[in-house]
Amino acid sequence: MWRRGGQVSTERTRCGEPRATDAGKWMVIYGWVDRRRDHGGLIFLDIRDTSGIVQVVVNPATAPSVHDALQNVRLEWVVRIEGELRLRDAKNINQNRETGEVELHATACSVLSQAKTPPFPVNEDSEVDEKLRLQYRYLDLRRTRLQRTLKARAGFINGLREAMNEQNFVEIETPMMVRATPEGARDYLVPSRVFPGSVYALPQSPQIYKQLCMVAGFDRYFQMAHCMRDEDLRADRQPEFTQLDIEMSFVDEDDVFAALERTIAYAWHKSGFRGSIPTPFPRLTHADSMRRFGADKPDTRFGMELCDLTEVARTSGFRVFAEAVAKSGMVKALCVKSGADMHRTHIEGELTDVVKGLGAKGLAYLWNTADGWQGHIVKFFSEADLSAIGDICGATVGDAVLMVADRSSVVSAALGALRNHLGRQLHLYDPERIDILWVTDFPLFEQDEATGQVSPTHHPFTQIHPDDIDRLDSEPLSVRSRAYDIVINGREVGSGSIRITDPVMQRRVFRAIGIDDDEAQRKFGFLLDAFEYGVPPHGGFAAGIDRLVMEGLGEENIRDVVAFPKNQQAQELMTMAPAPVDDSQLKELGIQLRRPRA
RNA sequence: GGCCCCGUGGUGUAGCUGGCCUAACACGUCGCCCUGUCACGGCGAAGAUCGUCGGUUCGAAUCCGAUCGGGGUCGCCA
């Protein structure tokens, strides 16, 4: 408690708060020195806390002791300043700062903490080597960029939670140490001290538990769930991440979709994320998405959809195409508007590398020019073929047509990637635009091309599309499921499904992926048993919060929306985890490590 | 595991078709000066053997190879 000028306050004023209307008040601020401007006599200090920055004036004539005390203050020192807030003269107002009309005239101060010179500038958002930023994450987090990001993230999560509560969802925490399941991603394991040789796993998702919550009668469950998967990282993938996990009873797709649309749209707009998202979200079937965009997570911010040239190619004189079709492959193309001026070296170099990287053997191209069709393969096509290609692709004079011939999976992957590449390179969309949609009717199974092994596309508890049940045994790979994804700007941000609750059907699906009844009982017996005691029909969803925040803020890397992220090798560079432990700890757990040879 | 990109004082960049580099610029740091600045200003100083190792060459930051570190991507992520 302190007294001055008749006003009494025991409260800290946050640096971003003082306004002209507060002029004349005595206040105390705490914060970090953002900048100092020392005029020999007068010293100006910008003091920063998480709310903003305020200017402090230190006048040697009126407060000599304070001037002495702050003479040697450096950037990032932590200080307490007490003084009178005064209006600035009109000519000294700083328009660029919320607190720019006022300044605090210091009458007392103390240095709470000194600071070494930071390894990179904290008071500006300059580019800094990410290794350094991760190593000194607490300093990076102090910068305005990450301060803003983490606050926006918190606001978004608050919005999600509000919307969930408002819709009568019950927040339930599920265990972090669970039973390992061999399916799915690699598990992070936690050895048991009490049962030497046995381990827990960290959850890849709370899937089983949330379904058991449905059996338990909580008909609307949600959780901000942490999930861990020991797989290689990507720009949008961390080994641990956060999902808005949802499960609902007595529902179909429309109910799940409506709940999520309402929730995401509410939180999105409330937290001031960029763009705007419509409800309901558009829907696209998986088959249509693959056909039109070559991807199960299409970027619908721009057109340039895939064109099917298989029928032209079948009878064309271009043997590469005809043979691909004969081997039950296909030929598809992208029409690049005004692409006739694309340089040949660009197509044959960079663009060809893109499709080759996805398994295509090459990239064929034709230019539609004022002098007719041109390109390395034009001689293999009749006038009728060329005109058909032009019609199918909508390629008018000035356009280029880029073609890939191969198996359907390769064609889709190659052209899907090429389409994204060109979309970015040719600026085919507004970077601030947000496109959100459902992709529905995913295939129930997918097949490993190397081993032929069939596995669930989503997970083994996903219900079969009712129209496809009779093909489950005869043509399993053609069977659709009741699984769905949410996609934003070409990024998958969540997935879910309506679940199987019929034990007979569940056994059939297990058998289709090579799990017999005994094995099913062994691995998932607790779930199957639970379903014997009155299971409601149910379905749900898991939305990746990190990725939603990325899109909402326009960040291109997941590490920039996570407080303490890991690098590409899943190391945390600040604490240097993972790290070896004492032998005594291992001994207690009954385990011995096989260390790599030095 | 494959492929691609990057690595120069504390930070960010320039140089990188070999010699003029005894490595430049900005910010930061240190010292001196400065009472109305706000990316304050002025003067001065220190600070990098160019990730590491090896090779080519009369000569390497620059060319080649290996290696380490970081990133992107394919595989992987039920």
Side-chain angles (χ1 to χ4, degrees), chain A residues 34-47 53-62 67 72 74-76 88-97 99-100 103 105 116-136 139 181-187 204-205 207-208 227-239 241 350 353-354 356-359 413-414 417 420-421 442 444-446 448-450 453-462 481 483 492 495 497 509-510 513 515 523-524 542 544 556-557 559 567-569 571 573:
Chain A
D34 187 70
R35 217 142 228 153
R36 60 176 271 136
R37 292 175 293 280
D38 186 343
H39 287 236
L42 271 188
I43 300 175
F44 296 97
L45 293 177
D46 290 344
I47 304 300
I53 294 175
V54 68
Q55 172 166 286
V56 169
V57 182
V58 183
N59 191 329
T62 59
H67 190 266
N72 297 313
R74 300 293 157 194
L75 300 189
E76 301 309 322
R88 300 191 190 187
D89 291 345
K91 65 175 166 45
N92 289 331
I93 287 174
N94 184 345
Q95 308 269 6
N96 302 321
R97 195 167 277 171
T99 60
E103 59 196 6
H105 287 255
K116 294 205 270 190
T117 299
F120 53 83
V122 175
N123 58 10
E124 58 180 61
D125 280 312
S126 49
E127 284 295 309
V128 176
D129 179 41
E130 199 174 7
K131 221 183 303 178
L132 256 194
R133 292 174 50 205
L134 291 174
Q135 196 179 337
Y136 295 92
L139 294 180
T181 50
E183 285 74 26
R186 252 178 241 114
D187 284 315
Q204 298 175 25
S205 87
Q207 183 62 36
I208 305 267
C227 309
M228 295 76 168
R229 296 177 190 173
D230 185 6
E231 297 293 346
D232 288 344
L233 276 51
R234 288 288 183 280
D236 61 0
R237 228 156 73 191
Q238 282 276 297
F241 55 97
E350 181 181 319
D353 287 347
V354 170
K356 279 189 172 170
L358 278 303
N420 287 336
H421 183 89
F442 271 68
L444 186 63
F445 301 120
E446 58 193 8
D448 186 307
E449 295 194 0
Q453 175 66 41
V454 172
S455 61
T457 305
H458 185 53
H459 60 55
F461 317 115
T462 302
S481 71
E492 181 202 325
S495 62
S497 65
V509 170
F510 277 140
I513 56 174
I515 297 179
K523 285 178 175 166
F524 303 108
E556 297 193 342
N557 196 293
R559 293 185 297 275
N567 72 2
Q568 200 173 54
Q569 293 172 71
Q571 292 172 295
L573 292 179

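Chain identifiers are assigned alphabetically (A, B, ...) following the order of the sequence lines, protein sequences preceding nucleic acid strands; residue numbering begins at 1 within each chain. In what follows, every heavy atom counts, from backbone to side chain, and hydrogens, waters and symmetry copies are set aside.
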Looking only at atom P, what distance separates B:A61 and B:A24, rounded to whole Å?
14 Å
In the 5'-to-3' direction, what one-character label does each nucleotide of nucleotides 6-16 of chain B receive under the scheme B = base within less than 4.0 Å of a protein heavy atom, S = sugar-phosphate only, - = no such atom?
----SSS----
So do A:V509 and A:F461 actually touch side chain to side chain, heavy atoms under 4.5 Å?
no
Write out a two-atom table: protein N or O, nucleotide N or O from nucleotides 47-52 of chain B, distance below 3.5 Å.
none

Taking the same atom, P, in B:G10 and in B:A23, what whole-Å distance lies between them?
15 Å
In whole Å, what is the span from the CZ atom of A:F510 to the P atom of B:A78?
16 Å
Using heavy atoms to find the nearest nucleotide of RNA chain B for A:E124 and A:R35 separately, return the residue whose nucleotide is more 5′.
A:E124
Nucleotide paired to B:U17 in any strand shown, Watson-Crick or G-U, under 3.5 Å
none
Applying the 3.5 Å cut-off to both distances, the Watson-Crick or G-U partner of B:U11 turns out to be B:A26
Can you check whether A:F44 reaches A:V56 side chain to side chain, under 4.5 Å on heavy atoms?
no
For the residue pair A:T457 and A:S481, establish whether any side-chain heavy-atom pair is separated by less than 4.5 Å.
no
Roughly how far, to the nearest 0.5 Å, is CG of A:L139 from NZ of A:K116?
10.5 Å
For the side chain of A:Q568, counting heavy atoms from C-beta on, which of B:G72, B:A39, B:A78 is nearest?
B:G72
Could you state the interatomic distance from CG (A:N94) to OG1 (A:T99), rounded to the nearest 0.5 Å?
7.5 Å
Are A:Q204 and A:D187 packed together at the side-chain level, in the sense that at least one heavy-atom pair is separated by less than 4.5 angstrom?
yes
Could you state the interatomic distance from CZ (A:R37) to CG (A:L42), rounded to the nearest 0.5 Å?
11.5 Å
Please report, rounded to the nearest Å, how far the P atom of B:A78 is from the CD atom of A:Q207.
11 Å
How long is the line joining CD of A:Q453 and C1' of B:G75, in whole Å?
17 Å
With a 3.5 angstrom cut-off on both distances, give the Watson-Crick or G-U wobble partner of B:C76, or none if there isn't one.
none
Between atom CD in A:Q135 and atom P in B:G69, what is the gap in whole Å?
14 Å
Taking the side chain as everything from C-beta on, heavy atoms only, tell me whether A:L573 gets closer than 4.5 Å to A:K131.
yes
Record whether the side chain of A:R237 comes under 3.5 Å of the base of B:C77 through a donor-acceptor pair of N or O atoms.
yes
Under a 3.5 Å cut-off for both contacts, is B:C32 paired Watson-Crick or G-U wobble with anything, and if yes, with which nucleotide?
B:G42
For B:C25 versus B:C4, give the span between their P atoms, rounded off to a whole number of Å.
37 Å
Those residues at least two apart in sequence (or on a different chain) that pass side-chain hydrogen bond (donor to acceptor under 3.5 Å, both in side chains) with A:R133 are A:D140, A:D560
Using a 4.0 Å cut-off on protein heavy atoms (strictly under), produce a 5'-to-3' string for nucleotides 32-37 of chain B with B for base contact, S for backbone-only sugar-phosphate contact, and - for none.
--BBBB
Between atom NZ in A:K523 and atom P in B:A78, what is the gap in whole Å?
15 Å
Check every strand shown and say whether A:T181 touches a base, only sugar-phosphate, or nothing at a heavy-atom separation below 4.0 Å.
nothing
Could you give the distance separating B:G7 and B:C53 at their C1' atoms, to the nearest angstrom?
15 Å
Work out how far the P atom of B:A60 is from that of B:C74, and round it to whole angstrom.
42 Å
Identify, with sequence neighbours excluded, every residue that meets side-chain hydrogen bond (donor to acceptor under 3.5 Å, both in side chains) alongside A:R97.
A:D46
Any A:M228 side-chain heavy atom under 4.5 Å of A:P239 side chain:
no
In this structure, CG of A:L233 is separated from CD of A:Q571 (nearest 0.5 Å) by 11.0 Å
Separation between the C1' atoms of B:G75 and B:C3, rounded to whole Å
11 Å
What nucleic acid atoms does A:N557 come within less than 4.0 Å of, heavy atoms only: base, sugar-phosphate, or nothing?
sugar-phosphate
Given atom CG of A:L134 and atom P of B:G71, what is their separation to the nearest angstrom?
7 Å
Report yes if some heavy atom in the side chain of A:I43 is under 4.5 Å from a heavy atom in the side chain of A:H67; otherwise report no.
yes
When the C1' atoms of B:C21 and B:U8 are considered, how many whole Å apart are they?
12 Å
Between CD of A:Q571 and C1' of B:C68 the distance, given in whole Å, is 13 Å
Distance in angstrom units between A:R186 CZ and B:G75 P, rounded
14 Å
Atom CD of A:Q238 and atom CD of A:Q568: how far apart are they, to the nearest 0.5 Å?
10.5 Å
What's the gap between B:G28 and B:G12 when it is taken at their P atoms, as a whole Å value?
15 Å
Contact between A:P456 and A:T462 at the side-chain level, heavy atoms closer than 4.5 Å - yes or no?
no
With a non-hydrogen cut-off below 4.0 angstrom, is A:R559 in contact with a base, only sugar-phosphate, or nothing?
sugar-phosphate
Polar pairs (N or O, both sides) under 3.5 Å between protein and nucleotides 1-3 of chain B?
none

For A:F524 and A:F510, take the angle between the two ring planes, folded into 0 to 90°, and tell me which bin it lands in: parallel under 30, tilted 30 to 60, perpendicular over 60.
parallel
